[in-house]
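Data block below; observations after.
Numbers restart at 1 for each chain; the letters A, B, ... are given by sequence-line order, proteins then strands. Remember, predicted model here, so these are calculated numbers, not experimental data.
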Amino acid sequence: MSSTLSKVYEPASVEARLYTWWRDSGLFVPSDDHGDAPSYTVTLPPPNVTGRLHMGHALTATIEDTLVRWHRMRGFATRWLPGTDHAGIATQVMVERDLLAKEGKSRLEVGRESFLRRTWAWKEDHGGAIDGQLERMGASLDWGMYRFTMDEVSSRAVREAFVTLYEQGLIYRDHRLINWDWGSQTAVSDLEVEARDVDGKLWQIAYPVTGTEETLVVATTRPETMLGDSGVAVHPEDPRYRHLVGKTIDLPLTGRTIPIVADPILVDMEFGTGAVKVTPAHDFNDFETGKRHDLDLIQVIDLDGRICAPAPARFVGLSVSEAREAVLAELEQGGALVKVEPHAMKVGHSQRSGVIVEPLPSTQWFVNVAPMAEKALAAVKDGATRIVPGHRANDYYRWMENIHDWCISRQLWWGHRIPAWYCGACEAISVSRQDLAACQKCGSGEVRQDEDVLDTWFSSGLWPLTTLGWPEQTPAFKTHYPNTLMETGWDILFFWVARMMMFGIHFTGEPPFKDIFLHSMVLGEDGQKMSKTKGNVVDPIELIDEYGTDALRFYLATMGGQEHGIVFSRKRVEGYRNFCNKLWNASRFAMMNLEGVDMDAFRSEVVTPGRWELLSVADRWILNRCAQMLKTVDAELKGWRLDLAAGKAYQFVWHELCDWYLELSKANFKEGADPTARGRSQGTLALVLDLTLRALHPFIPFVTEEIWQQLPGRQADSKSLMTAAFPEFSGDEGATPGPLANLASLLSAPAVLEAVADIELLERVIHKRRNLAADARVPPAKRVPLQIRTSNQDAWARVERVRDALCFVGRVTELSRLDEDAPLPHGAAVDVVDELEIVLPLDGLVDIEEEKRRIAKDLDKRRKELEGLTRKLANAGFTSKAPPHVVEAERERLVAVTRNIEKQEHLLAQLSGSTP
RNA sequence: GCGACCAUAGCUCAGCUGGUAGAGCGCCUCGUUCACACCGAGGAGGUCUCAGGUUCAAGUCCUGAUGGUCGCACCA
């Protein structure tokens with residue numbers, strides 16, 4: 001006797017135990033004896049080392065683990081690589097905040113060395129929590145291959161990449177305009193600037209033309225930047241201003257005189273006044289314009305986001321917004337403010353600190369990515385790497401085609417320090433893989449390393465390389481590069497995926513993965529992006545505590561295929577919790593009835609030659625349904641449709657296996673049942689459950705493993721379900737050896753197809769009988785006699801074949817046939833199923849009027865259907881142009897509907913006649 | 001401004017290459033049938049956003065509009 005399962009599935013008592021067992025048994029590591037099995041490698045997008053698991057991580061973990069487990073069961077040499085990211089700004093800010101709260105000090109006060117020590121300590125204390133959370137998700141990661149983006153291997157890889165790119169001239173240092181995040185006190189890349197909608201204003205300011213009474217009115221959204229203006233631009237073809245080109249402006253408030261230039265690129269005559277103030281130091285377009293006209297670069301905003309000299313002293317120290325007020329006030333006083341109008345616009349904000357990003361001139365390190373982008377673009381266009389869903393490739397193309405140089409230096413302390421050394425003696429720059437104590441040019445020991453660190457995404461971009469030990473040519477690298485799959489959210493397509501593509505190809509000549517699968521975002525239940533301020537954040541761990549990991553995973557798997565945002569639904573998670581419980585209880589029922597199951601006998605007697613007719617109609621039917629489900633799951637998984645695969649399995653388990661088969665099988669499991677029939681039903685049930693658990697395991701690993709371990713009659717091809725063979729259909733109708741051996745014929749054998757039709761009829765008859773009983777307020781549990789009125793011998797023969805099952809599940813005490821012409825018993829409820837009239841004798845309890853209403857209603861529907869069909873078939877266009885099988889199907893439908901209507905009309909007449 | 005995606009039952013979502021509108025939840029009526037009340041039985045509920053077009057046939061393909069989401073972009 002198998003051990004008894006508890007009445008309700010309790011995830012908490014199962015998950016940790018199974019996870020530990022899996023991991024300690026080495027099941028997450030590909031075994032050495034895979035021989036020539038194809039490899040399947042996925043690298044987990046490394047979460048921030050001090051981060052906590054959010055729904056995005058949970059979705060990633062679910063999709064990847066499902067795919068990984070699926071491939072592992074299919075026999076691939078499967079490896080899923082874990083790790084964490086040092087997350088430059090994010091982590092540094094946390095530690096800074098902590099330092100301020102606990103000691104009231106800034107990082108500058110404690111100094112770089114001490115601050116870094118604290119950050120490492122913080123990482124030790126708070127890091128790794130997310131690893132435990134990934135374990136709770138059931139993630140079958142190869143923990144032995146764990147990597148951190150700032151560990152030794154990663155650091156070596158980063159230096160190797162940096163130095164190589166420098167030597168190739170693709171990394172360089174330059175003084176130019178960059179995006180400055182004064183909130184975090186660092187430069188940021190274009191990608192880290194997000195344009196937010198702002199209700200701004202457009203001010204018109206009159207600039208006096210030198211030596212004349214004339215003014216030139218410029219339009220601006222940032223009047224405070226006039227303090228740094230070094231010119232005014234007009235369109236060369238603008239008749240209003242042509243005479244002013246070459247003259248100068250007496251710039252108000254500053255005492256400076258600046259030129260009026262003609263520039264067709266910057267100026268749009270239609271916009272504003274057609275005259276643009278040019279501030280090369282604080283606007284990217286103006287910077288370019290300044291270069292074209294050799295205008296001065298006058299920086300008036302400093303690294304703190306405050307006005308600085310050479311702006312007039314009275315403005316120095318003011319914040320940008322204060323300066324704006326002050327400037328406007330003075331201009332207004334001087335009568336220079338001509339007009340103000342509201343102006344909706346986009347303003348760049350730092351993705352990290354949220355402050356408005358100031359463009360300003362600065363010396364930074366850049367990567368010239370264009371040459372790499374070209375190859376990365378080609379890799380996708382050529383199909384070497386495929387992006388799923390396909391339309392995302394368009395975003396990728398656009399971005400790659402319009403790529404700008406990447407600013408990679410950050411004025412932070414937490415990160416990979418730039419491996420460049422400046423010589424105090426000869427001023428040379430040395431870039432090196434090893435730390436330098438002397439200048440490579442002059443040998444002077446007076447060298448100091450660049451203070452800055454690299455953008456976090458620089459090391460992330462190398463991730464598929466570093467996880468495998470690159471630049472060392474490790475065995476792991478040889479086996480697992482390129483990865484099979486990169487699965488991540490589309491929000492980091494540019495930040496991360498694009499960079500990995502570029503670096504991967506550049507350093508190895510091969511793109512880092514074959515497939516890129518991009519999932520969408522999980523939104524709050526209100527349909528908005530989850531955010532703490534909105535209070536709509538859902539914590540996956542809390543969901544696991546409440547519903548179990550499998551419930552959350554199944555939910556996320558069914559949502560994963562969506563191409564739009566996923567609006568979270570707690571109710572659906574709850575629904576999948578219920579599903580796990582349903583599966584659990586179905587298995588519980590099975591175990592109560594599988595004592596002594598003899599699978600060897602079952603396989604040799606029934607399965608081997610495919611002698612399906614030895615099985616009961618119900619047994620044949622469920623095996624067919626199961627095979628169909630497996631085929632669908634297999635096909636949908638191969639098409640990336642986890643949602644449809646999961647949905648199919650759900651539907652099968654609940655509505656075919658539980659709703660019908662388990663009920664039907666009870667007759668064979670009852671005391672006194674025929675031992676042979678019992679044995680075959682046992683074999684059927686054990687086989688179906690075994691196969692179903694295998695198919696479901698990638699989605700809901702815990703509950704399936706827990707059941708499978710206790711399931712009598714399972715095929716013991718593995719100690720764990722994790723490494724048991726997946727029931728996989730091959731391309732044709734056949735199936736791979738293993739669990740599906742000899743089962744392919746279930747989809748086509750006549751004896752099986754006949755059983756399928758029989759059970760479908762049985763379902764419809766029982767449904768009708770329940771319907772009649774419910775309408776007549778007969779309690780569902782009450783057993784009743786049932787009569788079937790028909791003269792159609794074939795139809796009746798079919799009923800005869802399922803008689804016992806029908807009576808058993810339909811709670812029918814006695815099933816008898818009435819001839820078509822026979823009168824209805826007095827007060828019987830009647831309805832029609834195809835050729836059969838289902839007669840439920842009710843001893844006059846039936847409400848004849850209700851009866852008639854129901855039939856009349858259905859009759860009405862049928863007549864409309866008939867009308868439509870008739871019209872369709874009378875249409876020569878249809879009969880001549882539609883494919884023959886479609887026309888034929890419609891003809892058959894017409895016959896069936898006609899027959900049904902006749903039956904119902906007859907019935908209605910009869911009922912009306914019998915009304916007193 | 002350019003582009004993508006979405007618009008199907010009260011809610012969250014399926015509906016593949018065009019061929020009788022589906023699921024889960026919610027709602028209504030029953031039910032302590034020996035796997036499960038995290039359950040069972042029955043039921044109500046949709047002119048598939050709108051307008052055109054292609055077709056014998058359109059939720060499905062095309063065009064346009066409207067609404068929503070999201071990318072990209074220097075309109076001062």
Which one is paired to B:C38, where only Watson-Crick or G-U wobble pairs with both distances under 3.5 angstrom count?
none

Identify whether the distance between the nearest side-chain nitrogen and carboxylate oxygen of A:Arg392 and A:Asp395 falls below 4.0 Å.
yes

For B:C48 versus B:G59, give the span between their P atoms, rounded off to a whole number of Å.
7 Å

Give A:Leu266 one of three labels, base, sugar-phosphate or nothing, depending on what nucleic acid heavy atoms sit under 4.0 Å from its own.
base

Between A:Leu662 and A:Glu525, which is nearer to the 5' end of RNA chain B once each is assigned its nearest nucleotide?
A:Glu525

Looking at A:Asp286, A:Asp229, A:Asp283, which one forms a side-chain hydrogen bond (donor to acceptor under 3.5 Å, both in side chains) with A:Lys277?
A:Asp229

Of the options B:A76, B:G24, B:A41, whose atoms approach the side-chain atoms of A:Arg770 most closely?
B:A41

Pairing check on B:A51: which nucleotide meets the Watson-Crick or G-U wobble criteria with it, both distances under 3.5 Å?
B:U63

Measure from the side chain of A:Met592, starting at C-beta and using heavy atoms only, and say which of B:G40, B:A35, B:U12 lies closest.
B:A35

Quick one: label A:Arg893 by what it contacts on the DNA or RNA (base, sugar-phosphate, nothing), any heavy atom closer than 4.0 Å.
base

What does B:A9 pair with, Watson-Crick or G-U, if both distances are under 3.5 Å?
none

Charged N to carboxylate O below 4.0 Å: is that the case for A:Arg764 and A:Asp834?
yes

Determine the Euclidean distance between corresponding C1' atoms of B:G26 and B:C50; express it in Å to zero decimal places.
29 Å

Say you pick atom C1' in B:C62 and the same atom in B:U55; how far apart are they, in whole Å?
12 Å

Whether A:Asp238 side chain and A:Met269 backbone form a donor-acceptor pair below 3.5 Å
no

NA contact type, A:Trp399, heavy-atom cut-off 4.0 Å: base, sugar-phosphate, or nothing?
nothing

Return the pairing partner of B:U32 with a 3.5 Å limit on both distances, Watson-Crick or G-U wobble; otherwise return none.
none

Looking only at side-chain atoms of A:His767, point me to the closest of B:G15, B:G42, B:C39.
B:G42

Ignoring backbone atoms, test whether A:Trp654 places a side-chain nitrogen or oxygen under 4.0 Å from the OP1 or OP2 oxygen of B:G40.
yes

Without hydrogens or angle criteria, can the side chains of A:Ser189 and A:Glu192 be said to hold a donor-acceptor pair below 3.5 Å?
yes

It should be established whether A:His343 places a side-chain nitrogen or oxygen under 4.0 Å from OP1 or OP2 of nucleotide B:C75.
no

Within less than 4.0 Å of OP1 or OP2 of B:G24, is there a side-chain N or O belonging to A:His655?
yes

Using Watson-Crick geometry (N1-N3 plus N6-O4 or O6-N4) or G-U wobble (N1-O2, O6-N3), each under 3.5 Å, B:G18 is paired with none

Can you tell which of B:A41, B:C36, B:C13 lies closest to the side chain of A:Asp659?
B:A41

Using atom types as modelled and distance alone, determine if a side-chain donor or acceptor of A:Ser13 lies under 3.5 Å from a backbone N or O of A:Glu10.
yes

Mind checking whether A:Phe494 and A:Tyr396 have ring centres under 6.0 Å apart?
no

A:Gly274 near the nucleic acid: base, sugar-phosphate alone, or nothing, with a heavy-atom cut-off under 4.0 Å?
base

Listed nucleotide nearest any side-chain atom of A:Phe494, set B:C38, B:C72, B:A14
B:C72

Contact nearer the 5' end of RNA chain B, comparing A:Phe568 with A:Ala586
A:Phe568

Expected rows: protein N/O vs nucleotides 53-59 of chain B N/O, under 3.5 Å:
unit_1: B:C56; atom_1: OP1; unit_2: A:Lys881; atom_2: NZ; d: 2.2
unit_1: B:C56; atom_1: O4'; unit_2: A:Gly877; atom_2: O; d: 3.4
unit_1: B:C56; atom_1: O2'; unit_2: A:Asn875; atom_2: ND2; d: 3.0

Please check if the distance between the ring centroids of A:Tyr397 and A:His391 is under 6.0 Å.
no

OP1, OP2 of B:U69 versus side-chain N and O of A:Lys529: anything below 4.0 Å?
no

Taking any heavy-atom pair under 4.0 Å as a contact, classify A:Asp268: base, sugar-phosphate, or nothing.
base

Is A:Arg641 near enough to B:G15 that one of its side-chain N or O atoms lies under 4.0 angstrom from OP1 or OP2?
yes

Looking only at B:A41, B:C72, B:A35, the nucleotide nearest the A:Leu191 side chain is B:C72

Does A:Tyr650 reach a base, just sugar-phosphate, or nothing at all? Heavy atoms under 4.0 Å.
sugar-phosphate

From A:Leu59, A:Val538, A:Val567, residue fulfilling side-chain contact (heavy atoms from CB on, under 4.5 Å) relative to A:Val522
A:Leu59

Reckon A:Val278 touches a base, only the sugar-phosphate, or nothing at all at heavy-atom distances under 4.0 Å?
nothing

Looking for any heavy atom pair under 4.0 Å, which part of the strands does A:Glu865 touch: base, sugar-phosphate only, or nothing?
base

Starting the side chain at C-beta, find the nucleotide from B:G42, B:C38, B:G71 nearest to A:Asp395.
B:G71

For A:Glu401, answer base if it contacts any base atom (sugar-phosphate contacts may also be present), sugar-phosphate if it contacts only those atoms, and nothing otherwise; contact means non-hydrogen atoms under 4.0 Å.
nothing

Phosphate oxygens OP1/OP2 of B:C72: is one of them under 4.0 Å from a side-chain N or O of A:Asn402?
no

Between B:C36 and B:G31, how many Å separate the two C1' atoms, rounded to a whole number?
15 Å

Is the shortest side-chain N to carboxylate O distance from A:Glu865 to A:Lys861 below 4.0 Å?
no

Mate of B:A73 across any strand shown (Watson-Crick or G-U wobble, both atom pairs under 3.5 Å) is none

N or O in side chain of A:Arg588 less than 4.0 angstrom from B:C36 OP1/OP2:
yes

What nucleic acid atoms does A:Phe284 come within less than 4.0 Å of, heavy atoms only: base, sugar-phosphate, or nothing?
nothing

Base, sugar-phosphate, or nothing: which does A:Lys571 touch, judged by heavy atoms less than 4.0 Å apart?
sugar-phosphate

